[in-house]
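Beneath this line is the structure, given in structure tokens, with notes to follow.
Both ligands and their constituent atoms are indexed starting at 1 by order of listing.
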Amino acid sequence: MAEHLGTTCVQGGYRPGDAEPRQVPIYQSTTWKYDTSEHMGRLFDLDESGYFYTRLQNPTNDAVAAKICELEGGTAAMLTSSGQAANFFALFNIVGAGDHVVASSAIYGGTYNLIAHTMGRMGIESTFVSPDCTDEELEAAFRPNTKAVFGETVANPALDVLDIERFASAAHAHGVPLIVDNTFPTPVLCRPFEWGADIVTHSTTKYMDGHGAAVGGAIVDSGNFDWEAHADKFPDLTTPDETYHGVVYTQKFGQGAAYITKATSQLMRDLGCIQSPQNAFLLNLGLESLHVRMPQHVKNGQAMAEFLHDHPKVRFVKYPGLPDDPWHELAQKYLPNGCCGVVSFGFTGGRAAAEQFMKSLHVAQIATHVADARTCVLHPANATHRQMTDEELVAAGIAPDMVRLSCGIEDTDDLIADVAQALDALQ
Ligand SMILES: *Cc1c(COP(=O)(O)O)cnc(C)c1O
């Protein structure tokens, strides 16, 4: 039966059998019991699949990961404790000391720190390119030791749109995968695999959970990247893993499952960034309405962007849904049903006006959050991105007076009235 995305949101990943619970059960158990130690031995050898310890696998998490996998159109997926862990695992699974990563400069501040600084301390080099760099600049970023390309479909908070096809073909020309953080559009608005991305990550903390209830992340593999064709670059996937009795992931699990199996059996085993089953349950509740919520986020974001666009106290508005936005053309290609509910804008009154504006809001709440049901607002230069220098801020597309307004799913007119009165209150 051909299934549409909305049905997968509600029913994907878990189909109860006869007389089984309709909700995904929460397996609140660290461990599983076995009748013989031989049976458990086969699980540890990866000769048989099954559950033994929740740090490695848990049925609740697996059901929710399977839903996200179906939504993205992938072949394998896993949940992580956070979006940060998802992006770290997605990269570190194939990149190590002495390797190099090419990344878009328009990415989430935490991911920028991860790649530029923390992974740098692990001996992993990186080069950042603007998402609107020329083909020559993109080409020049690659080195012989480049192992992955990373970008965000719609950048948080800069709202630049990644030209996925262009970045994918550059990555593939150099024999490496493109990893795309698809947090802002979610698969409801964009499915990066359809445009050539190889691996997708999510901060499920955002729209997927959608209610500000649980921090989490996810990694999905398209199964399209041929690791064996580039075996010299990815020996950890294509040669024996002595920490798992010499298993060769690509041979034993195939192109569709090698990457996620390795990330689970090595990285989750050693670094342990598991999502709690309770959080996975909450995430699943959010996913059940994702296809219903996203259009309202888009409707509110578009209406807000249009209102701000013509306001005399607003210096600029960034929203790819606006016809004069520099990313509009790419948004029409990759995000024909809208990009997200997040609108970034600045003030003719500068940084001080941004602070004053936020104090006058009643419906929108000041929060270090984005992309959930309740409208919230943040001043990145003063909060999430305050560790960045002015040059880094500008490179990431973040002006010091920029406010990030995340339109929730409340009534459109109430949101605009709230912003209008706060702008009127500015001196
Ligand atoms: C929030 C966010 C992250 C980090 O996710 P956490 O769940 O907060 O760890 C990564 N990428 C993007 C695009 C985000 O918005």
Could you pull out the N/O contacts under 3.5 angstrom between ligand 1 and the surrounding protein atoms?
unit_1: ligand 1; atom_1: 5 (O); unit_2: Ser203; atom_2: OG; d: 3.0
unit_1: ligand 1; atom_1: 7 (O); unit_2: Gly83; atom_2: N; d: 2.8
unit_1: ligand 1; atom_1: 7 (O); unit_2: Ser203; atom_2: OG; d: 2.8
unit_1: ligand 1; atom_1: 7 (O); unit_2: Thr205; atom_2: OG1; d: 2.6
unit_1: ligand 1; atom_1: 9 (O); unit_2: Gly83; atom_2: N; d: 3.0
unit_1: ligand 1; atom_1: 9 (O); unit_2: Gln84; atom_2: N; d: 2.9
unit_1: ligand 1; atom_1: 11 (N); unit_2: Asp181; atom_2: OD2; d: 2.7
unit_1: ligand 1; atom_1: 15 (O); unit_2: Asn156; atom_2: ND2; d: 2.7
unit_1: ligand 1; atom_1: 15 (O); unit_2: Lys206; atom_2: NZ; d: 2.6

Does Tyr108 have Lys206 sitting over its ring (NZ/CZ under 6.0 Å from centre, angle to axis within 45°)?
yes
So if I apply the side chain to side chain contact (heavy atoms under 4.5 Å, CB included) rule between Val215 and each of Ser82, Ser276, Ser203, which one comes out positive?
Ser82
Are His230 and Phe225 near enough that their ring centres are under 6.0 Å apart?
yes
Determine whether the aromatic ring centres of residues Phe316 and Phe345 are separated by less than 6.0 angstrom.
no
Using distance only, find each side-chain donor-acceptor pair of residues 109-119 under 3.5 Å and give its atom names and separation, not counting sequence neighbours.
unit_1: Tyr112; atom_1: OH; unit_2: Glu392; atom_2: OE2; d: 3.3

Which heavy-atom pair separates Val298 from Tyr319 by the least distance, and what is that distance?
O-OH, 3.7 Å
